[in-house]
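Only this structure's heavy atoms are used, side chains among them; waters, hydrogens and symmetry mates stay out. Chain A is the first sequence line, chain B the second, and so forth, proteins listed ahead of strands; every chain is numbered from 1. This is a predicted model, so every value here is computed, not measured.
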Amino acid sequence: MLFPTVDFAIFFVLVFVGHWLLNHQSHAWKWYMIGASYVFYAWWNWRFVFLLAGVSFLAQTGAIAVARTRSPRSRLVVNGIAVAALLLPLAFFKYYGFLAVNVTNAFASLGLESTIPLIQVVLPVGISFFTFMAIAYVVDVYRGDFEVASWTDAFLYLSFFPHLVAGPIVRPNELIPQLQERRDERHVDVAGAAWLILGGLFKKVVVSSYLTTQIVDPVFGDPAQRSAPDALFGILGYAIVIYADFSGYTDIAIGVAKLLGFQFPRNFDRPYAARSIQEFWRRWHMTLSRWLRDYLYIPLGGNRRGGRRTYLNIMITMVLGGLWHGAAWTFVFWGAYHGGLLTAHQWRARRGTADAKVEDRKAGESEEGRLEGLRQRAATFALVCVGWVFFRADSMETAFSLLRRLLTGWWTPSESLTPLVVITIAGMLALQFWPRGFGLWLQSGLSRLKPAPLGIVLALAMLAIVILGPSGVAPFIYFQF
Amino acid sequence: MRRSEAPKERREEIPAEGPARGLYARRLMPAGRVLVVILVSLLTWTVLYAPTMKRAAEASPLGARRTVSLAVLRPIAAVSDWIGLNELADSIERAVGRDQGRPGGAFVPPPEDIPLTPEGQDDPRGDGGNGDDGATAEADSIRAPTPDRKLRVAIVGDSLAAGLGYFAERVFLPQLVRVSGQGRISTGLARPDYFNWPYTMHRIVDRFDPDLVIVMLGENDHQSLQDVDGEREARIGTPEWPPAYRERVLRMMRIATSQGAKVVWAGLPISADYRLRDHSRRQNEIFEFAASITNDVAYFDAWDRFRDPEGGYTAFLREGRRVILIREGDGLHFNAIGYTILAREIAKLAVEEFGLSPRTFQTAI
């Protein structure tokens, strides 16, 4: 079920009550939450509950097998088998169709007939997320960073509904200890949670939906006919849409977890304020970035094997990261594009280390430094937006067509651009630089209200969000992952 | 626990620099009070918004969910009306341009982005244009467009039409054709109380004066038929349903052709969900029959065009040895290339049936 629906509201009230009533009964509480999480997942499609259970079973079996294996070489082998087993469902559900089509067409180009069955496999919601969490669990046990959890802890860790369908990708050492401890029912951060939930709803229901229907879908639907301003703001609009949509969802997830007494890691930290592509990836989808770093980049060797190997490791990591987002060449290209940018950044850092550090220091000191910082941020944002074109476009041709329109479409009248579109995009970008203190001050004020007045204030905020948003709720963008 | 023994609330310190440190401290709350906050907020929101939610529930498909929703919302909406709390929501909606008094009487208002055709651009129908492509001008052909007098193509219907509308713009040449995509998700002919397609079709014909109308809807019509006031007209699964639905289809066709436009009515494609196939097939039979007895309407058999050789569902299209994925993972909607192919095929049918100039669209995908 989607977060911003009446179904979820009713579900959550029931879960909230049961959660806190059973808080002192660890065993009963865990089974209750596992049940609630499986109900949450089954709401999408009950058949995929078996997939979730199967992945959880594989993960726990793998972790136990690794923990019981003594010899380092054998542990490595067992770990490898466990990770491969966990990747199999993801590979099948997500990439079989892509593979079948491309192999068939490759054979066709050679004048041959392929015998691969053409099957369109329905993608289970959230499979990419809980598969990555399962891998993190097994590998952390292998590395000795975490001990094998109990079966209930492992199942609950993977199925816990706030993060289940679209993250954040929570590490075992971040969540499992919290599952084992009793939550403090006397001190719940309701104001902080409300801020996250309402902010997330606003970003998703109002901002993302509006820009998607007003400019993004029309521009990406037929880019060849769009004016250059439409194309430009279509791209900027999508940069805002994907940020608002995804960060909105994870904010709600973090807020919901907070109401249950859990702390989830942040997933976004004003990514469009980044001054370099490396900094962007430290601010965007942070839990995925660190997963790729810790479970892919570092095992490949990281930056420990010289320059060329470092660049190769970066490219492999980012290409696979792109492929994780979707089974299409546009995602592969997007990943490779960011891999290229990060490689260039790494090369520049290695070749001109002193200059790079001086430039970083300059940005922030004095007027000249602030201008330099602004230049860096603008350049980074522009590079990121070019990448988003490939992320959103339905084909490489569409992406290049849209980019061409930035140069050739200046004589075409605009059809989709309105002042409100410009204001919305500008406003969301401005929020990347808004003083954090304002939000904290507001939360502090909310926390001082008594329960009933606070409930009324939150209701008014929800009412405004629902009225400003369109009718119907579009799924979150990252649900397809 | 007595009030005097209530636990002291602990301040959560938020790291901050300088004298503003205490400014950001948030008070934490016991879970019981948090529950009060949640229930008060949900109840307040429900009371404020109940009349709109009641209308949404009334416009939703018949079934247990609708029955329960209305049972809960009707008394709350009555309380909201009596106290006058619904005025707050109404005021906000009016302030953002969403008036309660909607033309057409439906829950979802008609679109506001129907382009207006300037005077002088609305050619009299049947003149066949100047025959630049060498074709003989026929009285019942779609006129041949020029850059100054572009052909106007309206695409109407549900989410399938919404997708088709975007990608038809890739197929039709913009120098000669103006496409207006007016598809609306979750709509159909069964529930004019939710979205009034006949009223909307009138507006499209009046404002846009299309030369060609492409209609694609029906996937949301697997339900009982109700009238614009929400009264049931025919229950699904009864002998009354097919003729009543056929009348709605015929009415839609008559409105679409009322000012001389040609209509291509695209049937429903085969879907992965086998439970809906029988009903979809019957709908397609109704569409095809209605098209056969209505002038200036042609039927496009999407079911036959996009099924596999054995007559079943496939998400792929074969062109020689090559395969193309043309459907989304939901087993119904098309993806970008699928919609583009669909638009091309419909355009080809319009060439055969109505003499649409082949110069108006591109055949290569």
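Contact between A:T213 and B:Y166 at its shortest, heavy atoms only, is O-OH, 4.4 Å. When all heavy atoms of A:L440 and B:R26 are compared, the closest pair comes out as CD2-NH1, 4.0 Å. A pairwise comparison of heavy atoms in B:V36 and A:P451 identifies CG1-CB, 3.8 Å as the closest pair. Looking at every heavy atom in both residues, A:V122 comes nearest to B:G329 through CG2-O, 3.8 Å. Summarising the geometry of B:Y49 relative to A:I467, their closest heavy-atom pair is CE1-CG1, 3.8 Å, with the distance given to 0.1 Å.
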> Checking side chain to side chain contact (heavy atoms under 4.5 Å, CB included) for the pair B:T314/A:L118: CA distance, chi angles, key distance, verdict?
Replying inline: CA-CA 9 Å; B:T314 176; A:L118 292 173; 6.0 Å; no

> Does the pair B:R322 and A:T104 meet the rule for a side chain to side chain contact (heavy atoms under 4.5 Å, CB included), with working shown?
Replying inline: CA-CA 7 Å; B:R322 282 178 53 82; A:T104 300; over 6 Å; no

> Can you list the steps and then say if A:L454 with B:M29 is a side chain to side chain contact (heavy atoms under 4.5 Å, CB included)?
Replying inline: CA-CA 12 Å; A:L454 178 57; B:M29 203 180 275; 4.1 Å; yes

> Given the rule in the side chain to side chain contact (heavy atoms under 4.5 Å, CB included) test, do A:T398 and B:R170 qualify, once you have shown the distances and angles that lead to the verdict?
Replying inline: CA-CA 10 Å; A:T398 301; B:R170 294 189 184 184; 3.3 Å; yes

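Side-chain contact between A:D394 and B:I337 is absent, with no heavy-atom pair separated by less than 4.5 Å. At a threshold of 4.5 Å between non-hydrogen side-chain atoms, the residues A:V188 and B:L28 do not count as touching.
Atom CH2 in B:W45 sits 11.0 Å away from atom CD1 in A:I465 (nearest 0.5 Å). Separation of atoms CG (A:L463) and CG (B:L48) is listed at 5.5 Å; rounding is to 0.5 Å. The distance from atom CD of A:Q120 to atom CG of B:D330, rounded to the nearest 0.5 Å, is 8.0 Å.
When heavy atoms are compared at a cutoff of 4.5 Å, A:L259 approaches chain B solely by way of its side chain, counted from C-beta outward. With a 4.5 angstrom heavy-atom cutoff, B:R327 touches chain A via backbone and side-chain atoms both. Proximity to chain A (any heavy atom under 4.5 Å) is restricted, for B:L39, to the side chain, taken from C-beta onward. Residue A:L260: no heavy atom, backbone or side chain, is found under 4.5 Å from chain B. Contact of A:N102 with chain B is not made at all, since no heavy-atom distance falls under 4.5 Å. No part of A:L446 comes within reach of chain B, as not one of its non-hydrogen atoms sits under 4.5 angstrom from that chain. Neither the backbone nor the side chain of B:Y339 comes within less than 4.5 Å of any heavy atom of chain A. For chain A, no part of B:R184 is nearby; none of its heavy atoms comes within less than 4.5 Å. Both the backbone and the side chain of B:L35 have a heavy atom closer than 4.5 Å to some heavy atom of chain A. Looking at A:P223, the atoms closer than 4.5 Å to chain B (heavy atoms on both sides) all sit in the side chain, from C-beta outward. The part of A:F12 that comes within reach of chain B is its side chain, from C-beta onward, which places non-hydrogen atoms under 4.5 angstrom from that chain.
Ranked by non-hydrogen atom pairs under 4.5 Å with chain A, the options B:E169, B:E328, B:M53 are led by B:E169. In terms of non-hydrogen atom pairs under 4.5 Å with chain A, the most contact-rich of B:N335, B:V37, B:D308, B:I38 is B:V37. Of the listed residues (A:L458, A:V101, A:D217), the one with the most heavy-atom contacts under 4.5 Å to chain B is A:D217. For the options A:G111, A:A224, A:S395, A:A194, heavy-atom pairs under 4.5 Å to chain B are most numerous at A:G111. Of the residues considered (B:A272, B:S41, B:G32), B:S41 shows the highest number of contacts with chain A, using heavy-atom pairs under 4.5 Å.
Using modelled atom types, no side-chain atom of A:Q225 and backbone atom of B:P174 make a donor-acceptor pair closer than 3.5 Å. Under a 3.5 Å cut-off, the side chain of A:S447 and the backbone N or O of B:R27 do form a donor-acceptor pair. Between the side chain of A:N105 and the backbone N or O of B:V323, at least one donor-acceptor pair lies under 3.5 Å. In this structure, A:S444 contributes its side chain and B:A25 its backbone to a donor-acceptor pair below 3.5 Å.
Contact residues of residues 14-23 of chain A toward chain B are A:F16, A:V17, A:W20 (heavy-atom distance under 4.5 Å).
More than 12 heavy atoms of other residues, nucleotides or ligands lie within 6.0 Å of CZ in A:F98, so this atom counts as buried by the packing criterion. Atom CZ of B:R318 sits in a crowded spot, with more than 12 heavy atoms from other residues, nucleotides or ligands closer than 6.0 Å.
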